[in-house]
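Here is the structure we will look at.
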Protein chains: 2
Amino acid sequence: MSRTPETSAVQRLIDTLSLSDQVRHYLLDALTSGRLRPGDRINEAELARTLGISRNPVREAVSGLAQRGFLVSAPRRGHYLRRFTPQDVDDVFSFRICVESFAIRQALPRMRPADHDDLARLVERMVAAARVGRLAELHQADMVLHRRICELSGNRQTLRAHEGIDTEVQMLIAYVDLEREPPLQSALAHLPIIEALASGDVERSVSAMQHHLETTWAFVHRMYGRTSRGEPLVAAEDAPPSQSRRIRE
Amino acid sequence: MSRTPETSAVQRLIDTLSLSDQVRHYLLDALTSGRLRPGDRINEAELARTLGISRNPVREAVSGLAQRGFLVSAPRRGHYLRRFTPQDVDDVFSFRICVESFAIRQALPRMRPADHDDLARLVERMVAAARVGRLAELHQADMVLHRRICELSGNRQTLRAHEGIDTEVQMLIAYVDLEREPPLQSALAHLPIIEALASGDVERSVSAMQHHLETTWAFVHRMYGRTSRGEPLVAAEDAPPSQSRRIRE
DNA sequence: AAACTGTCCACTGTCTGCAGTTGATGTATT
DNA sequence: AATACATCAACTGCAGACAGTGGACAGTTT
């Protein structure tokens, strides 16, 4: 049996997903990559045609993302990517600090040497990627590092919450990447965190994480101070309903 | 024009929801009320027949709840309510303490006298309900109180996270309400919290909240120590996939 | 010219039907 | 009797189609 390259293995895994799951990933990527911009509506029929499938899987994916808060829905008028306000940035990042600090507190006592090595390798990857300007790889490793800490906490609720936060953050920065933290600085900013973790000092680790997140927060906030000026900021969560059918029971 | 009672107004509001939204609420109620028990499978066709609708709205609701983690899905074999382990209890409650503490820190500086009165009235309702043994009303007010604090934080992420936690907690206690905290004690336990909030002392408020949640945590944990003994505890998140179709890119 | 009204189109929400898979039941084989 | 295999019913995943609504546009009125 001929060995297939890694991408094919991944591809085979993807192929086993239901169509609605594939659409969900497709849309999540569109959201977090900036291909879909705030205010953009999702045309179910058109998307279904584009993907070569029927509308049902599309609807399931879209409706699920709306339930999770990544899309807003206007009854009878479809779903769209909501707009972001400076307050959204503050909400996400302040909550993120809360969650990731908690993750560190739960993770650190459980961490073994191999885990510390893992994190160190991730930072190395970030630094290397930053040096050669591979930004995508840098941000990928960045995301993995933060998620890894949540995984190490062993708390499913924490990990789940982080998933949502991470998606929010990626959506926030997806379409305003005008000015980011310098890559190398961004990569090196994680060193104090893993060093503090390796030392076993919980409070120092939490402080380091908070400092790092506050820096990122400030960058994102600055972008929103500029880019969102004058735009209609508040998402239309209203919309008058209409029809009237009821389920039995 | 004849005035309709309040329930009709609510009913009219529900009627304006799409069928899938109605099913979603129906299922959430089934989950949190204990009508659906851990391990129970959801038969889409049967549920659709019961509700007198087609399978599509049912599928959308079910798939959304699965995406939010309230149901586990086994490809080609349907969705079911996952089983709960003692660790799930610990995960939920420790994270809940994290979130609600954070909510207090953000909410307290923003609270106005009217807000404190609001919370006080809720506790009064709880005590009154506890005295006359109206447990449903007690727990309802309890839930509203905790959510209200998250609302007062003004942080959408916090509120959203709390929604998930609250659902998890209700699912946890829905089918094991063998021994709960005595009603009156449960109601009175909230007094120190709102008193501390009224005094404006953040740290004391957080401590009071943590103490209260740890008490509840201990009660729920004790129930799981007993009831889940011997049962298959771990949810089946595995299941071998099969088919292979792909969306066009 | 502005506001109002009627018509039309695009899209969502829902329904019915079909194919493929899964798990179960029954049968044959050792 | 136990195991392997074939058969079958039930259910999920998906497709295609229809009805009703919302918004746009044009025509009419003041």
Side-chain angles (χ1 to χ4, degrees), chain A residues 12 14-27 36 39-67 71-81 236-248, chain B residues 12-27 36 39-67 71-81 232 236-248:
Chain A
R12 256 178 289 136
I14 290 178
D15 288 352
T16 63
L17 293 177
S18 69
L19 289 184
S20 41
D21 283 339
Q22 293 182 53
V23 176
R24 183 161 51 86
H25 289 298
Y26 174 89
L27 282 174
L36 206 63
D40 281 359
R41 268 190 49 193
I42 292 180
N43 186 326
E44 295 176 4
E46 183 188 330
L47 180 55
R49 273 195 305 272
T50 305
L51 301 177
I53 61 178
S54 80
R55 272 181 51 219
N56 285 20
V58 174
R59 276 186 66 81
E60 282 173 30
V62 170
S63 130
L65 293 176
Q67 282 188 49
L71 298 172
V72 297
S73 61
R76 292 270 174 201
R77 279 185 293 125
H79 300 78
Y80 39 105
L81 181 46
E237 306 228 33
D238 45 342
S242 41
Q243 64 177 19
S244 180
R245 268 204 60 187
R246 281 186 62 199
I247 59 179
R248 282 205 291 264
Chain B
R12 256 178 290 136
L13 194 61
I14 290 178
D15 288 352
T16 62
L17 293 176
S18 69
L19 289 185
S20 40
D21 283 339
Q22 294 181 53
V23 176
R24 184 162 50 85
H25 289 299
Y26 173 90
L27 282 175
L36 208 64
D40 281 359
R41 267 191 52 194
I42 293 180
N43 186 327
E44 295 176 4
E46 182 189 330
L47 181 55
R49 274 195 305 273
T50 304
L51 301 177
I53 60 178
S54 81
R55 274 179 49 218
N56 283 23
V58 174
R59 275 186 67 80
E60 281 173 30
V62 169
S63 130
L65 293 176
Q67 282 188 48
L71 298 172
V72 297
S73 61
R76 290 271 174 199
R77 280 185 292 127
H79 300 77
Y80 33 115
L81 180 46
E237 307 226 32
D238 45 342
S242 40
Q243 64 178 19
S244 179
R245 271 205 57 187
R246 282 186 61 200
I247 58 179
R248 283 204 291 266

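Below, chain A is the first sequence line, B the second, and so on; all start at residue 1. Here the structure is a predicted model, which means the values were calculated and not measured. When reading the values below, keep in mind they use all heavy atoms of this one structure, side chains included, and skip hydrogens, waters and symmetry mates.
- The nearest whole Å value for the distance from the CG atom in B/N56 to the C1' atom in D/dA17 is 12 Å.
- With contacts defined as side-chain heavy-atom distances shorter than 4.5 Å, the pair B/Y26/B/L51 qualifies.
- If you measure from atom CZ of A/R77 to atom C1' of C/dC9, you get 17 Å, rounded to the nearest angstrom.
- The distance from the NE2 atom of B/H79 to the CZ atom of B/R41 is 10.5 Å, given to the nearest 0.5 Å.
- Atoms CG and CG, on B/L65 and B/L81 in that order, are 10.5 Å from each other to the nearest 0.5 Å.
- In this structure, the CD1 atom of B/I42 is 12 Å from the P atom of D/dG13, given to the nearest Å.
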Going through the checks in order, is the side-chain contact (heavy atoms from CB on, under 4.5 Å) test met by A/V62 and A/V23? CA-CA 8 Å; A/V62 170; A/V23 176; 5.7 Å; no
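- A/L47 comes within 4.0 angstrom of nothing in the nucleic acid, heavy atoms only.
- Place B/R41 and B/P57 on DNA chain C by their nearest nucleotides, and B/P57 ends up nearer the 5' end.
- An OP1 or OP2 oxygen of D/dC14 is reached within less than 4.0 angstrom by a side-chain nitrogen or oxygen of A/S20.
- Close to D/dT12, at under 4.0 Å from its OP1 or OP2, lies no side-chain N or O of A/S18.
- Remark: B/Q67 CD to B/S73 OG distance equals 9.0 Å, nearest 0.5 Å.
- The 5' end of DNA chain D is approached more closely, in terms of each residue's nearest nucleotide, by B/E46 than by the other of B/E46 and A/I53.
- Nucleotide D/dG13 holds its P atom 13 Å from the CD atom of A/Q22, rounded to whole Å.
- Relative to the side chain of B/N43, the nucleotides D/dC11, C/dT12, D/dC14 differ in distance, and D/dC11 lies closest.
- Applying the 4.0 Å criterion to OP1 and OP2 of C/dG13, one finds that A/R59 has a side-chain N or O inside that range.
- Taking atom CZ of residue A/R49 and atom P of nucleotide C/dA10, one finds them 11 Å apart after rounding to whole Å.
- Residue B/L19 contributes atom CG, which lies 4 Å from atom P of C/dT14 at whole-angstrom precision.
- Taking atom CG of A/D21 as the reference point, atom P of D/dG13 lies 9 Å away to the nearest angstrom.
- Checking D/dC14, C/dC15, D/dG13 against the side-chain heavy atoms of B/R76 singles out D/dG13 as nearest.
- Atom P of nucleotide D/dC14 and atom CZ of B/R55 are separated by 11 Å, given to the nearest angstrom.
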